[in-house]
Colleague: 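Before I ask anything, here is the structure I am working with.
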2 protein chains.
Amino acid sequence: MKQEKTHINKLISSYKLRATPQRIAVLEALRNLRTHPTADDIINYVKNEHPEYSVGTVYNTLETFTEKGLIKKIKTEKDVMRYDGFTDKHYHLYSKRSEKIEDYYDQELTRMIERYFKSKKIDGFKIEDIQIQINGEFNE
Amino acid sequence: MKQEKTHINKLISSYKLRATPQRIAVLEALRNLRTHPTADDIINYVKNEHPEYSVGTVYNTLETFTEKGLIKKIKTEKDVMRYDGFTDKHYHLYSKRSEKIEDYYDQELTRMIERYFKSKKIDGFKIEDIQIQINGEFNE
DNA sequence: GTACCTGCAAAAGATTTGCATCTTT
DNA sequence: AAAGATGCAAATCTTTTGCAGGTAC
């Protein structure tokens, strides 16, 4: 299938993955649905335009993207997996009640924590990344 | 069934829950298996002593305990839920490769973060609790 | 051209639920 | 005695997989 070299398209290629129409659609869904969607949310979004794209492919795509580091998985107390299409350093605000996840950007916090763990090593463990989830309630 | 008033027993009662033998067994499993077990791990542990206890009951019990705050759910990239029988303030070290989760206690870190968020409010959000997961690798 | 993807449908896993029966308080 | 828990099995939901074709590079 002929495709313009869009931004999304290039992004996928830059991760050494074939930019198929299905993958482009999944990544677009992830970036348009800024709600940290479930696989099911993504499937619905994608099927809206392309009913022929299959459930299995969406799951496979999400898995492939995650392995390559293009997107991230987020898990909450709820059993379903959710996905985050953005991998720049940020944290999550989470409300158990509404199940809403919002991004929280805070470079000062990142710097403080990096500084902290630069001086304080953890015995027997090599830190690669620190995830923070801030639980609470959004004001209505 | 007649039961001694054990520590576990009292702990359950103190959360306003009936201290049934099944619940006692589940909580004991959680406290003996210090690996942040899956429901399946717990079921196996419990069935070892009490093959008649049912899968559904273990799941129900874990859910009830979680709701009441007696235990906590832990989420990783993996699809299965894991459980933590200890609710005192601590963090988790997690290795994606080995799927191992270890506890990390650090009051200094807690104090630093509390201090930080006492001065820096998040607009539109009321913080209740901050969860930190430190990803990396355990030394062999 | 070939390695890699996709669609489909079936399978696998994990968790939840309905209901009749039993137990804890 | 009443409210709440349990066991069992079926149901549900999410995710994975096998395989025969298709497609991007």
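All chains are named by letter (A, B, ...) in the order of the sequence lines, taking the proteins before the strands, and each is independently numbered beginning at 1. The structure presented is a predicted model; accordingly, all values stated were derived computationally and were not measured.
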Colleague: Strictly below 4.0 Å: does T20(A) bring a side-chain N or O up to OP1 or OP2 of dT6(C)?
Modeller: yes
Colleague: Where the side chain of Q22(B) is concerned, which of dC8(C), dC5(C), dG7(D) is the nearest nucleotide?
Modeller: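 The closest nucleotide is dG7(D).
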Colleague: Going through the checks in order, is the salt bridge (charged side-chain N to carboxylate O under 4.0 Å, His left out) test met by E63(B) and K73(B)?
Modeller: CA-CA 9 Å; E63(B) 200 52 40; K73(B) 289 184 174 181; 3.1 Å; yes
Colleague: Within the modelled atom types, does a donor on one side and an acceptor on the other bring the side chain of R18(A) and the base of dC4(C) under 3.5 Å apart?
Modeller: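 Yes, a donor-acceptor pair under 3.5 Å.
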Colleague: Taking the six-membered ring of F138(B), is NZ or CZ of K100(B) closer than 6.0 Å to its centre and within 45° of its axis?
Modeller: yes
Colleague: Does dA5(D) have OP1 or OP2 sitting under 4.0 Å from an N or O in the side chain of T64(B)?
Modeller: no
Colleague: Quickly work out the I43(B) CD1 to dG13(C) P distance and round it to whole Å.
Modeller: 15 Å
Colleague: Can you measure R23(B) atom CZ to dG7(D) atom P for me and round it to whole angstrom units?
Modeller: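 Taking atom P of dG7(D) as the reference, CZ of R23(B) is at 11 Å.
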Colleague: Send over the distance from I12(A) CD1 to dC4(C) P, rounded to a whole Å.
Modeller: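 My rounded result for the distance is 17 Å.
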Colleague: Quick one: do D129(A) and K89(A) make a salt bridge, cutoff under 4.0 Å?
Modeller: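 K89(A) and D129(A): salt-bridged.
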Colleague: When you check the gap from the basic side-chain N to the acidic O, do E108(B) and K120(A) get nearer than 4.0 Å?
Modeller: yes
Colleague: Protein within reach of the bases, or only the backbone? For nucleotides 14-19 of chain D, mark each nucleotide 5' to 3' as B, S or -, using heavy atoms under 4.0 Å.
Modeller: SBBB--
Colleague: Check the pair K96(A), E77(A) against salt bridge (charged side-chain N to carboxylate O under 4.0 Å, His left out), reporting the backbone distance first and the verdict last.
Modeller: CA-CA 8 Å; K96(A) 191 177 198 152; E77(A) 282 72 47; 5.1 Å; no
Colleague: Starting at CG of L62(B) and ending at C1' of dT16(C), how long is that distance when rounded to a whole Å?
Modeller: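 Going from L62(B) (CG) to dT16(C) (C1'), I get 13 Å.
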Colleague: What is the separation between atom CG on D41(B) and atom P on dT15(C), rounded to the nearest whole Å?
Modeller: 11 Å
Colleague: Give the rounded distance in Å between these two atoms: CD of E77(A) and P of dT16(C).
Modeller: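 So the two atoms are 13 Å apart, to the nearest Å.
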Colleague: Roughly how many Å is it from CG in N9(B) to P in dT23(C), rounded to a whole number?
Modeller: 17 Å
Colleague: May I have the distance from L27(A) (atom CG) to dC5(C) (atom P), rounded to whole angstrom?
Modeller: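 Computing the L27(A):CG to dC5(C):P distance gives 15 Å.
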Colleague: Just by distance, no angles: are the side chains of T64(B) and T61(B) close enough, under 3.5 Å, to form a donor-acceptor pair?
Modeller: no
Colleague: For D106(B) and Y91(B), test the side chains for any donor-to-acceptor distance below 3.5 angstrom and give the result as yes or no.
Modeller: no
